2 protein chains.
Amino acid sequence: MTPKTVSRALNDAPHVSEAVRQKVKAAAEELDYHPNIAAQSLIARRSFLIGLTYERPSPSYVVELQNGALGRLEDGRYRLVVLPFSHVASRPEELGRLLLRAGLDGILLAPPACDQPALLNMLERQKLPYARITPHSELDRGIVVTMDETAAGQAVAAHLLSMGHRLIGIVLGDPSHAASMGRMEGYRRAFSELQVPIDESLIVTGDFTYDVGYRVARTLLIRSPRPTAILAQNDDMAVAAIAAARDLGLAVPHDLSVAGFDNSEVSRTAWPQLTTVNQPVRQMAWDAADRLIAALDGKSDGTAPLRRDHAHELLIRASTAAPGAP
Amino acid sequence: MTPKTVSRALNDAPHVSEAVRQKVKAAAEELDYHPNIAAQSLIARRSFLIGLTYERPSPSYVVELQNGALGRLEDGRYRLVVLPFSHVASRPEELGRLLLRAGLDGILLAPPACDQPALLNMLERQKLPYARITPHSELDRGIVVTMDETAAGQAVAAHLLSMGHRLIGIVLGDPSHAASMGRMEGYRRAFSELQVPIDESLIVTGDFTYDVGYRVARTLLIRSPRPTAILAQNDDMAVAAIAAARDLGLAVPHDLSVAGFDNSEVSRTAWPQLTTVNQPVRQMAWDAADRLIAALDGKSDGTAPLRRDHAHELLIRASTAAPGAP
DNA sequence: CCACTTTATGTCAACGTTTACCGATTCTCG
DNA sequence: CGAGAATCGGTAAACGTTGACATAAAGTGG
């Protein structure tokens, strides 16, 4: 029996009698034989590796991203390689080289890597397919999965405004992250829709981390007049704002309402539980992996739009209330 | 120029003149040429892939594990493939097949997979090297990186006992996780050292998740007499216990002290901040990856012990106090 | 029963790289 | 200047699998 026959038997290819097929499979089982993936990759010109690159430090975000992608990959044909990378903005070509050297079939790009034109250029030049998860710019480039950040930002700001808040502090995330700008744009729309002017001096910049969030939230809370609410651009910074308020003797939500973003684990374990926006990270990652694989397998029928928007969900919990409410 | 010469030039092998080497490298740069990894793997009989398998749901644990391993892999020679797997205990062979099919050079096993003898047997039979992170049983098998769970459990229990607590509720994690047993053993030692009897009826079983932790902690808190302290086997369940206490009108730590385990993100963002034990997950993962790679590269000098213990660190924060203290 | 189709099995080459080996050129030193 | 060594470049084979193609065997129809 030639290797060829074995190959045909194991791959359920035609032109093998059922008897031989059974015998081969039994023997393979017996010997714990597994085809050599490197050889398969060499001839198929594919590695069956999907990369996932990200930078955001939040563990829950990273894990949601991974689990979403892995959920789509669970048949085991493709494998997921994690490639975190810091400071993409300052050295996109370096990440590009890393990705190209990794021998991937395709790559899932989370923020902020998905918004680096230099990186996308490199990947396209080398014909390495990619899917972008919640990019902010060049939304018609490649496979794109987004949440409408602006609509989400508008929803959460409108929530605070509708409860009567007028002095609202805003804690931005890392400005190089696209989400930061989109969410801010949404805040502005909500304000302008109600013709409430935004006090630009109440806008401070964090970097999505707890520590910096605490510091900048504190600067807002020692101002006079003090804002009655804080819009934080993610949950970690929102929780930090609550801690800063507590350390200043302020009760949440009685003296200060706080809203976050992302519906992360801490938004539920925090006290009071955070009003936040659920970004369907897992579903978006699943979708991105799904469409990337469809493209790799050539099953993309060309009719599916390259871009798909997933809906946000405003989660109103205990950290927001009307100003001065009990 | 033959492919051979190119290969030698790029790999800094001898027998190539410096002039040719420079020319080749310049051309490679120019053309964005990258050697085909599948071909290299085929001939080297290695995939340069390291697997990481885990089951624990806690995002911060998973991310610490990954970051630790990735920290060691950052030269880019090896790549990290993530392979989460649920319910290992009930189907270890299935995970084994998954790992063997993935074409890995080596595998990092986190709990509870690292404690499945059937799995270890399969890996050994197929000569797939592995490193075990905080296993509980068969500690002399393969590369082992541990924290002394028992000593850590003893330390945290001793902390509560030394403050005067005598009625202490214990919330176990998933009993199939090895850490759970080791930590419990440490609790018992602390009690017996002070000759305080353990009330077995105050021991309840969770599964390391917040939701179940909340439920079982609640059953402890509605008992009479009510325990004055709770030892939870991880931070998620400890935070859940705090929430359960609060929902019953109990103040932490005035009416109830709570101690956790793992020094996870939530232990810091929780309020009050959790007394907990720092398990140096990142360092252990780094160490496991380091020694696995040393073995793969044949650089293991044979003198390094296969097992290495990392020290725990008791972090006393605001969630524990003497019973009835203000 | 022969020509013809279908099915089963085998042979060969190819994927892109590296290792082993060989011949040619250049260098070193007596 | 010549012998031996070191250096440089090249050729062939190998890694394990699969696709294209060939051959053999079996089935089918007139």
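Every chain is numbered from 1 and lettered A, B, ... according to where its sequence line falls, protein lines coming before strand lines. This is a predicted model, so every value here is computed, not measured.
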Whole angstroms only, please: what is the [atom1]-[atom2] distance between [X] and [N]?
| X | N | atom1 | atom2 | answer |
| --- | --- | --- | --- | --- |
| A:Arg101 | C:dG16 | CZ | P | 20 Å |
| B:Leu42 | D:dT18 | CG | P | 12 Å |
| A:His34 | D:dT17 | NE2 | P | 12 Å |
| B:Arg46 | C:dT17 | CZ | P | 18 Å |
| B:Phe48 | C:dG16 | CZ | C1' | 15 Å |
| A:Asn36 | C:dA14 | CG | C1' | 16 Å |

Problem - Of the listed nucleotides C:dG16, D:dT17, C:dT17, the one nearest the side chain of A:Arg45 - result: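 From the listed options, C:dG16 comes nearest.
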
Practice task
Compute whether any side-chain donor of one residue and acceptor of the other, for A:Gln66 and B:Gln66, lie under 3.5 angstrom apart.
Solution key: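 Note: A:Gln66 and B:Gln66 side chains meet the donor-acceptor criterion.
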
Practice task
Kindly say if A:Gln40 contacts the phosphate of D:dG16, meaning a side-chain N or O under 4.0 Å from OP1 or OP2.
Solution key: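 For A:Gln40, the contact criterion (side-chain N or O under 4.0 Å from OP1 or OP2 of D:dG16) is not met.
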
Practice task
Ignoring backbone atoms, establish whether A:Tyr33 has a side-chain N or O less than 4.0 Å from OP1 or OP2 of D:dG16.
Solution key: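 The answer is no; no side-chain N or O of A:Tyr33 sits under 4.0 Å from OP1 or OP2.
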
Problem - Heavy atoms of other groups near B:His87 NE2, more than 12 under 6.0 Å - result: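 Open.
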
Practice task
Using a strict 4.0 Å threshold on nitrogen-to-oxygen distance, state whether A:Arg46 and A:Asp297 make a salt bridge.
Solution key: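 Between A:Asp297 and A:Arg46 there is a salt bridge, with a charged N closer than 4.0 Å to a carboxylate O.
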
Exercise for the section: Could you tell me whether B:Arg132 and B:Glu138 have a side-chain N and a carboxylate O separated by less than 4.0 Å? Expected result: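 The answer is no: the pair does not qualify as a salt bridge.
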
